[in-house]
Amino acid sequence: MEKPLTEHIQPGEPPLDLAAYERTGGYEALRDALRSMEPREVTRIVEDSKLRGRGGAGFFTGMKWSFVPMGENAPREKYFVCNADEMEPGTFKDRYLMECNPHLLLEGMILGAFAIQAPTGYIFLRAEYHKSEEVLAHAIREAREAGFLGKNILDSGFDHDIHLHTSAGRYICGEETALLNALEGRRAIPRAKPPFPPVVGLWGKPTIVNNVETLCNIPPIVRNGADWFKGLGLSEEAGTKLYGVSGRVNRPGMWELPLGTPLREIIEEHAGGMREGYRFRGVIPGGASTDFLVEEHLDLPMDFASVQKAGSRLGTGTMIVLDDRTCPVGMVLNLERFFARESCGWCTPCRDGLPWVEKILEDIERGGGREDDLGLLQEHSKFLGPGRTFCAFAPGAVEPLQSALKYFEEDFRRHFDGKGCPYHPQPAAAR
Amino acid sequence: MLTDQEREEIEAELPHYPRKQALCIEALKVVQRHRGWVDDEALRDVGGFLEMTEHEVDSVATFYNLIYRRKVGRNVIHLCDSVSCWVMGCDRICEHLKNSLGIEIGETSDDGRFTLLPIPCLGDCDKAPSMMIGRELFSDLTPEKVDEILRSRK
């Protein structure tokens, strides 16, 4: 099984430095592209590969790049930005790539910047990833010294430099237009769309924002071709995916597997199944803002289309398992509390609706819930849903809520009847 | 006034951005690194340098949870309370921290050693529960492990 993202990573070893990366064939794709390809050809290979964004939304990467104005009349200032603001609860994949093989990301970024002819790149890194910061800063210095960054890269006439920007917190910074505002030094409020960043982005210039894992796929795609990449997936969809599992399983962790690997295989084989004394009840498949899947979905291929058909989203591909001794209502409360806290406050439904949802759930957990609350929560999942809010934050926030109401209604009712949480009757300190 | 050191560190970032106001967050981080937190005077200092009003700078400072607009302890404990850590029992760790330090979330211990704050997912979910103090990440937390960590911090 091919693992283009992680094959050269030795867990526990220091990150691959420039020399080690080059020994694995690193920067060959960049050399080839700069020597013999037109920028548009690079975009075309990525389009043909059918690579979809690995940050959560799953938009086609090559198509995104193709929206950038090219040619003589295009703006000369353009930006290529890596979204390394990994903060989706339950997600721990980009950190691994950055801390273990930083040059793979840099090469992907330089190739992308060449494709859209952007002279400047930024890595927008979340503040808490201190080790990633050190590893990336070192890798950028190495790449500059070796001539892979800077003026006239490898004598091609193409100039590009990458700057590392470390953030100062807030989940919303991962939304690509909020990220651009943060990079400009402002409050990270999402922007109205359209226009979209590939046309009007950072400081009003064409800008591509791609996730870390997405970009790490670019060098192998350019080196091995679109057909090779398409052949990696188990289903119709192309490539591999970093899948992660956390929760009460035997071996929480992360694995690079073909896109479309069944949920059951990931949880039972790779994560070693449930810990003794715990039964599987459900899973949030792709970070906090995705709908629960339950036992009936265990044979689902984990690719974008299949998970969507089952009513959820692949999201970041890092899943959080709900076991039979953990309260589903409590879990949803934890999620909604997070979203209520992280709402940027720009639009009313999100700013006011999410704290309301949080309070209702809190009340139910404490034994003050009533039958009517179910309707009220349903209503919120509708009115905070797609098309009702300024950005995708609130619709994401209500995905675990609406699916919990669907799959775990009985658990909600047990709270009403028993006047409290049947799972966690004792205070947190005693658990 | 910014100190020479602060000014130098902020200016080092200037060439990376086409407009100096883009440095607002970086400048706040620099000042906080030296002064521990961002008081009103720090806002004016940063604003003076970036040609922004104190209030413009404050609107940025108050948005980001890792810019402290109140005095914090020498060690800021960021305890992850996101979903994976919750499933794995971060509430219990939180209670233990609160009892050991005699503070609630958002407060600083009387001796000025510790401030306790929540933080969104630290990306350490396979080793939950987790917390971060300064630049250091602590995984697979148990109350015993927490005691040891607290003891080791001045």
Side-chain angles (χ1 to χ4, degrees), chain A residues 77 86-95 120 122 126-131 161 163 165-171 173 182-189 203 244-248 251-254 284 287-288 318 320-323 326 330-331 334-335 337-338 341-342 344 427-431, chain B residues 13 15-29 32 50 52 56-57 59-68 78 80-96 98-99 118-128 130 132 134-137 140 143:
Chain A
E77 280 305 320
E86 178 167 76
M87 217 184 294
E88 182 70 28
T91 302
F92 50 102
K93 62 183 185 69
D94 295 339
R95 174 208 279 277
T120 308
Y122 294 100
R126 72 174 293 193
E128 297 88 336
Y129 279 11
H130 298 292
K131 187 172 172 209
D161 207 356
H163 306 296
H165 174 102
T166 59
S167 182
R170 295 309 291 275
Y171 171 76
C173 291
L183 256 183
E184 291 184 8
R186 306 166 193 270
R187 290 169 76 88
I189 308 291
W203 292 291
V245 179
S246 61
R248 297 203 185 274
R251 287 192 302 273
M254 196 199 58
I284 313 183
T318 38
I320 307 116
V321 172
L322 169 69
D323 59 78
T326 297
M331 185 159 168
N334 172 275
L335 292 163
R337 183 174 285 152
F338 162 81
R341 189 171 76 200
E342 293 299 324
C344 82
R431 260 184 267 141
Chain B
E13 296 287 322
H16 303 166
Y17 301 90
R19 294 186 199 165
K20 69 175 172 185
Q21 285 77 18
L23 285 175
C24 190
I25 296 160
E26 187 58 37
L28 288 165
K29 286 174 74 171
Q32 178 166 289
L50 298 178
M52 294 166 73
E56 281 176 299
V57 178
S59 80
V60 175
T62 52
F63 189 87
Y64 295 94
N65 60 301
L66 294 172
I67 302 295
Y68 310 132
H78 287 284
C80 175
D81 62 355
S82 289
V83 63
S84 303
C85 281
W86 180 81
V87 170
M88 300 307 285
C90 68
D91 282 353
R92 188 164 146 244
I93 301 298
C94 188
E95 288 303 315
H96 186 72
K98 290 199 284 193
N99 292 334
I119 191 96
C121 186
L122 288 170
D124 194 38
C125 320
D126 52 342
K127 302 185 225 24
S130 299
M132 185 180 77
R135 295 174 70 87
E136 223 177 321
L137 179 67
D140 289 318

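None of the values given here were measured: they were computed from a predicted structure. Lettering of chains follows the sequences in order, A, B, ..., and the numbering in each one begins at 1.
For chain A, no part of B:Gln32 is nearby; none of its heavy atoms comes within less than 4.5 Å. The part of A:Cys173 that comes within reach of chain B is its side chain, from C-beta onward, which places non-hydrogen atoms under 4.5 angstrom from that chain. Of the atoms belonging to B:Leu23, not a single heavy atom falls under 4.5 Å from chain A. For A:Arg337, no part lies under 4.5 angstrom from a heavy atom of chain B. Heavy-atom distances place no part of A:Arg251 under 4.5 Å from chain B, backbone and side chain included. Proximity to chain A involves both the backbone and the side chain of B:Ile119, based on heavy atoms less than 4.5 angstrom apart. The contact between A:Thr326 and chain B is made entirely by side chain atoms (from C-beta outward), counting heavy-atom distances below 4.5 Å. With a threshold of 4.5 angstrom between heavy atoms, A:Glu77 does not approach chain B through any atom at all. Heavy atoms closer than 4.5 Å to chain B are found nowhere in A:Tyr171, neither backbone nor side chain.
Looking at heavy atoms from C-beta onward, A:Arg248 lies in side-chain contact with B:Met88 at the 4.5 angstrom threshold. When side chains are defined from C-beta on, A:Val321 does not count as touching B:Val87, because their heavy atoms never get closer than 4.5 Å. Side-chain contact between B:Phe63 and A:Ile189 is present, with at least one heavy-atom pair separated by less than 4.5 Å. Taking the side chain as every heavy atom from C-beta outward, A:Phe92 and B:Cys121 never approach each other to under 4.5 Å.
Interface remark: of the candidates A:Arg186, A:Glu342, A:Arg341, A:Glu88, A:Arg341 forms the most heavy-atom pairs closer than 4.5 Å to chain B. Listed options B:Ala128, B:Pro143, B:Gly89, B:Ser84 were ranked by heavy-atom pairs under 4.5 angstrom with chain A; first place goes to B:Ser84. Of the residues considered (A:Gly330, A:Cys344, A:Gly253), A:Gly330 shows the highest number of contacts with chain B, using heavy-atom pairs under 4.5 Å. Listed options B:Leu122, B:Thr62, B:Leu28 were ranked by heavy-atom pairs under 4.5 angstrom with chain A; first place goes to B:Leu122. Of all the listed residues (A:Gly169, A:Gly90, A:Gly287, A:Ala188), the one sharing the greatest number of non-hydrogen pairs under 4.5 Å with chain B is A:Ala188.
Rounding to the nearest 0.5 Å gives a distance of 11.5 Å between SG of B:Cys24 and CZ of A:Arg187. Between atom CD of residue B:Glu26 and atom NE2 of residue A:His165 there is a gap of 7.0 Å, rounded to the nearest 0.5 Å. Taking CZ from A:Arg95 and SG from B:Cys125, the interatomic distance works out to 9.0 Å, rounded to the nearest 0.5 Å.
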Any chance you could lay out the side-chain contact (heavy atoms from CB on, under 4.5 Å) test for A:Glu128 and B:Leu137, step after step, and finish with the verdict?
CA-CA 9 Å; A:Glu128 297 88 336; B:Leu137 179 67; over 6 Å; no
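A:His163 pairs by the side chain to side chain contact (heavy atoms under 4.5 Å, CB included) definition with A:Thr120, A:Tyr122, A:Arg144, A:Asp161, B:His16, not counting sequence neighbours. B:Lys29 meets the side chain to side chain contact (heavy atoms under 4.5 Å, CB included) test with A:Ala127, A:Thr166, A:Ala168, B:Ile25, B:Ile67; sequence neighbours excluded.
Heavy atoms only, all atoms of each residue included: B:Gly123 and A:Tyr129 are closest at CA-OH, 3.4 Å. Of all heavy-atom pairs between B:Val83 and A:Leu335, the closest is CB-CD2, 3.6 Å.
The backbone N or O of A:Ser246 sits nowhere less than 3.5 Å from a side-chain atom of B:Asp126 that would complete a donor-acceptor pair.
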